[in-house]
Amino acid sequence: AQSVTQLDSQVPVFEEAPVELRCNYSSSVSVYLFWYVQYPNQGLQLLLKYLSGSTLVKGINGFEAEFNKSQTSFHLRKPSVHISDTAEYFCAVGGAQKLVFGQGTRLTINP
Amino acid sequence: NAGVTQTPKFQVLKTGQSMTLQCAQDMNHNSMYWYRQDPGMGLRLIYYSASEGTTDKGEVPNGYNVSRLNKREFSLRLESAAPSQTSVYFCASSEARKGYGYTFGSGTRLTVV
């Protein structure tokens with residue numbers, strides 16, 4: 001079985017500060033890892049994904065994530081956040097078909 | 001390009017009423033999914049369809065039924081709505097050959113009173 005734990009339910013940061021959203025996963029098979037963003041009253045949008053190859057993955061809006069197999073982690077980072085990054089972020093793990101999502105991390109940007 | 005279209009966007013039901021949530025995708029994806037989103041619980045899979053003609057239960061299927069009408073359409077039915085089914089429902093589709101990422105609809109906000 002696969003599972004995902006997002007270690008922080010809420011992360012407040014100041015504008016232009018760096019941010020890291022933490023995600024740990026559990027899987028007995030090869031994994032594919034994803035980060036999705038949900039802006040208020042919208043559906044989920046794919047930020048980035050790791051399928052294979054380089055462990056550092058770059059996504060949209062300046063986000064990147066690093067796959068760490070030994071620590072079973074896939075943390076999301078951005079060096080300088082914007083007010084527009086205020087949203088909920090979901091980490092997900094999957095195999096050939098279904099994705100399992102974490103509980104979400106609400107990122108709040110303070111001016 | 002519409003992507004994944006869900007209808008309706010909002011719905012209020014009385015306990016015991018039935019309704020069907022509609023979902024259609026125009027990306028020629030093989031796989032489609034229904035999730036529910038509740039505060040603090042992330043997204044939980046209700047049912048999925050790996051390909052046209054097949055459906056399988058997910059994590060929380062009780063109280064729901066699905067129909068994969070054709071490759072484009074995947075509907076979710078609540079036969080007798082209960083207050084515990086108050087939630088936001090998302091439909092998604094994916095195509096393994098395109099890297100397994102899901103494309104989500106904009107959601108249906110359902111309230112059962």
Side-chain angles (χ1 to χ4, degrees), chain A residues 1-10 21-25 27 29-54 57-60 63 65 67 74 87-106, chain B residues 2-7 9-10 21 23-25 27 29-51 54-61 66 68 74 87-109:
Chain A
Q2 296 172 319
S3 66
V4 175
T5 302
Q6 291 184 242
L7 298 162
D8 306 291
S9 59
Q10 296 187 66
L21 306 184
R22 297 179 295 166
C23 172
N24 286 100
Y25 69 91
S27 177
V29 298
S30 297
V31 297
Y32 304 109
L33 293 158
F34 304 82
W35 276 98
Y36 284 84
V37 59
Q38 184 180 32
Y39 299 106
N41 300 313
Q42 295 186 27
L44 279 73
Q45 178 183 353
L46 181 65
L47 263 182
L48 50 78
K49 61 186 176 185
Y50 171 80
L51 303 181
S52 65
S54 173
V57 181
K58 295 191 183 297
I60 62 172
F63 284 93
F67 169 56
F74 191 55
E88 189 151 21
Y89 292 79
F90 292 92
C91 182
V93 61
Q97 291 291 345
K98 299 174 288 182
L99 289 186
V100 174
F101 287 83
Q103 299 89 338
T105 298
R106 187 168 300 277
Chain B
V4 178
T5 303
Q6 289 184 238
T7 55
K9 293 193 183 303
F10 301 94
L21 281 64
C23 175
Q25 52 94 6
M27 296 168 288
H29 286 174
N30 280 324
S31 303
M32 298 185 73
Y33 312 83
W34 277 105
Y35 284 86
R36 60 178 289 173
Q37 182 180 25
D38 302 290
M41 303 190 75
L43 280 81
R44 292 181 292 168
L45 183 64
I46 305 171
Y47 271 93
Y48 69 103
S49 171
S51 61
T54 68
T55 61
D56 285 286
K57 294 178 180 179
E59 182 185 353
V60 288
V66 290
R68 184 74 182 265
F74 188 40
S87 187
V88 181
Y89 292 85
F90 287 100
C91 178
S93 69
S94 74
E95 177 55 60
R97 290 172 296 176
K98 295 182 181 178
Y100 301 100
Y102 284 14
T103 300
F104 282 86
S106 56
T108 295
R109 188 173 296 274

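Excluded from the calculations below are hydrogen atoms, water molecules and symmetry mates; all remaining heavy atoms, backbone and side chain alike, are included. Throughout, a chain's letter reflects where its sequence line sits, starting with A, and its residues are numbered from 1. Quick caveat: nothing in here was measured; it's all calculated off a predicted structure.
Legend: residues meeting salt bridge (charged side-chain N to carboxylate O under 4.0 Å, His left out) with B:Arg109, ordered by chain and number and at least two apart, are absent. Listed by chain and residue number, A:Arg22 satisfy the salt bridge (charged side-chain N to carboxylate O under 4.0 Å, His left out) test with A:Asp8 (two or more places apart in sequence, or in another chain).
By the 6.0 Å contact criterion, CZ on B:Arg44 is enclosed, its count of non-hydrogen atoms from other residues, nucleotides or ligands being greater than 12.
Residue A:Lys98 comes nearest to B:Tyr33 through the heavy atom pair CA-CE2, 4.3 Å, listed as atom of the first residue, atom of the second, then distance.
Contact of B:Leu45 with chain A is made through the side chain alone, with heavy-atom distances under 4.5 Å. Of the two parts of B:Glu59, neither the backbone nor the side chain holds a non-hydrogen atom closer than 4.5 Å to a non-hydrogen atom of chain A. Residue contact with chain B, scored on non-hydrogen atoms closer than 4.5 Å, involves the side chain of A:Gln38 exclusively.
Partner A:Tyr36 forms a ring-ring contact (aromatic ring centres under 6.0 Å, His included) with one of B:Phe90, B:Tyr35, B:Phe104 and no other, that one being B:Phe104.
To the nearest 0.5 angstrom, A:Phe101 atom CZ is 6.0 Å from B:Tyr102 atom OH. If you take OG on B:Ser31 and CG on A:Leu99, they are separated by 10.5 Å, rounding to the nearest 0.5 Å.
With chain B as partner, the option from A:Val4, A:Leu44, A:Asn41 having the largest number of non-hydrogen pairs under 4.5 angstrom is A:Leu44.
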